[in-house]
Amino acid sequence: MAEGLAAVPSTELLEWPKKDKRRFLHAVYRVGDLDRTIKFYTECFGMKLLRKRDIPEEKYSNAFLGFGPEVSHFVVELTYNYGVTSYDIGTGFGHFAIATPDVYKMVEDIRAKGGNITREPGPVKGGSTVIAFVKDPDGYVFELIQRASTPEPLCQVMLRVGDLYRSVKFYEKALGMKLVKKVDRPEYKYSIAMMGYAEELETIVLELTYNYGVTEYTKGNAYAQVAISTDDVYKSGEVVEHVIQELGGKVTRKPGPIPGINTKITSFLDPDGWKTVLVDNEDFLKELNQAE
């Protein structure tokens with residue numbers, strides 16, 4: 001493997017992420033009370049509980065929630081570790097975002113159910129888009145964004161990074177994402193880059209935020225990773241190794257099947273330490289069929 005990595009990779013290999021069939025599958029994070037979070041997401045956000053599984057031998061449970069089936073929509077994968085009731089979200093994780101036709105009405109409903117509104121609905125600074133912010137029972141922040149319609153209501157994962165240019169290049173080269181929007185706000189001392197596989201209003205995007213002069217953040221132990229599908233875990237993993245050599249990061253799991261489940265995955269950290277898991281497309285669909 002060392003000799004292979006020393007060689008210059010083929011153009012065909014480096015172009016693979018852009019040709020691969022990829023989409024965001026889910027965001028994984030830890031919660032202190034699974035039933036409490038399920039109740040909040042279904043009643044306040046209007047999500048559906050898609051599936052739930054308990055792994056007593058590993059002492060954890062999972063719940064998958066979203067606005068549509070996993071085969072076509074981005075969803076959240078909540079993890080409850082037996083006996084752990086709280087986590088440190090850290091300073092690096094920003095928020096998730098939900099698009100809704102009426103932010104004012106959604107905030108009213110959330111408030112009526114005892115939800116924590118941290119920013120009242122209203123236009124963004126210097127713009128016209130209506131937004132609000134709420135916190136879930138574990139302290140995760142959700143931005144509510146007013147949109148007349150959207151195919152993907154669960155529409156953003158915001159992460160803070162220490163070098164925006166480096167991060168954009170990493171996600172373009174390692175994961176085949178497009179820079180769909182870039183905004184620089186010097187008056188507020190931050191810049192953002194939206195990265196995804198389609199335009200911002202059509203799909204889920206990673207919102208990478210750079211705050212001027214801040215190069216490092218704490219990760220905490222709450223937010224875990226995003227999962228993205230691929231037609232070839234091994235080929236994708238090879239590309240990632242080359243990009244990590246150039247831009248930084250770390251492979252945390254070499255490509256191969258997960259024992260017991262046999263779904264092929266590979267996982268890695270970006271230059272800021274944010275984790276991504278690449279999941280084999282066919283294996284993921286088999287896993288969903290078995291769960292039904």
Side-chain angles (χ1 to χ4, degrees), residues 24-32 37 40-41 44-47 65-67 73-79 86-100 103-104 106-107 109-111 115-127 129-147 150 152-162 164 167 171 177 180-183 185 188-196 200-201 203-211 214 216-227 270 272-276:
F24 285 93
L25 301 177
H26 44 251
V28 184
Y29 52 104
R30 301 171 183 95
V31 298
T37 305
F40 187 86
Y41 287 9
C44 293
F45 293 153
M47 290 187 191
L65 295 97
F67 293 98
H73 285 68
F74 182 62
V75 307
V76 295
E77 178 183 341
L78 308 176
T79 299
S86 65
Y87 292 92
D88 172 21
I89 293 174
T91 60
F93 176 79
H95 61 254
F96 301 106
I98 295 172
T100 178
V103 167
Y104 294 95
M106 193 170 186
V107 166
D109 292 343
I110 292 170
R111 184 179 277 116
N116 181 7
I117 314 300
T118 58
R119 183 208 190 266
E120 293 295 331
V124 294
K125 286 180 182 176
T129 305
V130 173
I131 65 165
F133 283 97
V134 303
K135 275 189 180 177
D136 79 357
D138 289 276
Y140 292 103
V141 174
F142 281 77
E143 180 181 10
L144 310 179
I145 304 172
Q146 189 149 302
R147 288 181 188 167
T150 177
E152 186 61 272
L154 191 58
C155 60
Q156 288 178 9
V157 177
M158 193 275 256
L159 304 171
R160 298 182 178 96
V161 298
L164 195 59
S167 294
Y171 284 96
M177 291 185 193
V180 299
K181 182 179 175 184
K182 188 169 184 290
V183 179
R185 301 298 295 269
Y188 301 117
K189 297 185 178 178
Y190 75 86
S191 300
I192 61 171
M194 303 287 197
M195 308 295 299
E200 183 192 357
L201 301 183
T203 185
I204 163 79
V205 294
L206 275 185
E207 179 182 344
L208 304 176
T209 297
Y210 168 67
N211 292 300
V214 185
E216 287 187 19
Y217 296 92
T218 60
K219 295 293 176 298
N221 60 358
Y223 171 81
Q225 66 215 27
V226 290
D270 76 358
D272 289 280
W274 296 117
K275 188 178 178 184
T276 299

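Predicted model, so just to flag it, every value in this text is computed and none were measured.
Of all heavy-atom pairs spanning Tyr223 and Val226, the tightest one is OH-CG1, 3.3 Å. Residue Ile117 comes nearest to Val134 through the heavy atom pair CD1-CG1, 3.5 Å, listed as atom of the first residue, atom of the second, then distance. The minimum heavy-atom distance between Ala27 and Val157, with the atom names listed, is CB-CG2, 4.5 Å. Lys135 approaches Phe40 most closely through the heavy-atom pair O-CZ, 3.8 Å. Shown here for Phe24 and Gly196, the closest heavy-atom pair between the two residues is CE1-CA, 4.3 Å. Contact record, Cys155 with Ile145: SG-CD1, 4.2 Å, taken as the closest heavy-atom pair.
Here the CG atom belonging to Leu144 is positioned 5.0 Å from the CD1 atom belonging to Ile110, to the nearest 0.5 angstrom. One distance of note links CE of Met177 with CE of Met195; it measures 7.0 Å at 0.5 Å rounding. Once rounded to the nearest 0.5 Å, the distance linking CD1 of Ile98 with CD of Gln146 reads 14.0 Å. From Leu25, atom CG reaches atom CD of Glu77 across 10.0 Å, with rounding to the nearest 0.5 Å. Of the inter-residue distances, the one linking Leu159 atom CG with His95 atom NE2 reads 9.5 Å to the nearest 0.5 angstrom. Annotation: the span from Asn116 atom CG to Cys44 atom SG amounts to 11.0 Å, rounded to 0.5 Å.
Residues forming a side chain to side chain contact (heavy atoms under 4.5 Å, CB included) with Lys219 (at least two apart in sequence, or on another chain): Trp274. For the side-chain hydrogen bond (donor to acceptor under 3.5 Å, both in side chains) test, no residue two or more places apart in sequence or in another chain qualifies with Tyr140. When the ring-ring contact (aromatic ring centres under 6.0 Å, His included) test is applied to His73, no partner is found at least two apart in sequence or on another chain. For the side chain to side chain contact (heavy atoms under 4.5 Å, CB included) test, residues two or more places apart in sequence or in another chain that qualify with Thr100 are Val103, Met106. Annotation: salt bridge (Lys or Arg N to Asp or Glu O under 4.0 Å) contacts of Asp109 (sequence neighbours excluded): Lys105. Contacts of Thr218 classified as side-chain hydrogen bond (donor to acceptor under 3.5 Å, both in side chains), with partners at least two apart in sequence or in another chain: Thr91. Thr79 pairs by the side-chain hydrogen bond (donor to acceptor under 3.5 Å, both in side chains) definition with Asn62, not counting sequence neighbours. For Thr129, there are no side-chain hydrogen bond (donor to acceptor under 3.5 Å, both in side chains) partners at least two apart in sequence or on another chain. Residues passing the salt bridge (Lys or Arg N to Asp or Glu O under 4.0 Å) test with Glu143: none are found, sequence neighbours excluded. Phe142 pairs by the ring-ring contact (aromatic ring centres under 6.0 Å, His included) definition with Tyr41, Phe45, Phe96, not counting sequence neighbours. Considering only residues two or more places apart in sequence or on other chains, Lys181 meets the salt bridge (Lys or Arg N to Asp or Glu O under 4.0 Å) condition with Glu200.
No side-chain heavy atom of Leu206 sits under 4.5 Å from any side-chain heavy atom of Met158. Looking only at side-chain heavy atoms (C-beta outward), Leu78 and Arg30 stay at 4.5 Å or farther from each other. Between Arg147 and Leu201, some side-chain heavy-atom pair lies under the 4.5 Å cut-off. Between Tyr171 and Leu208, some side-chain heavy-atom pair lies under the 4.5 Å cut-off. Taking 4.5 Å as the limit, some side-chain heavy atom of Ser167 sits within range of a side-chain heavy atom of Asp272.
Counting only residues at least two apart or on different chains, the side-chain hydrogen bond (donor to acceptor under 3.5 Å, both in side chains) pairs with a member in residues 117-126 are Arg111-Glu120.
Checked by atom type, the side-chain pair Asp138/Tyr87 shows no donor-acceptor distance below 3.5 Å. Judged purely by distance below 3.5 Å, without hydrogens or angles, the side chains of Tyr217 and Asn211 pair a donor atom with an acceptor atom.
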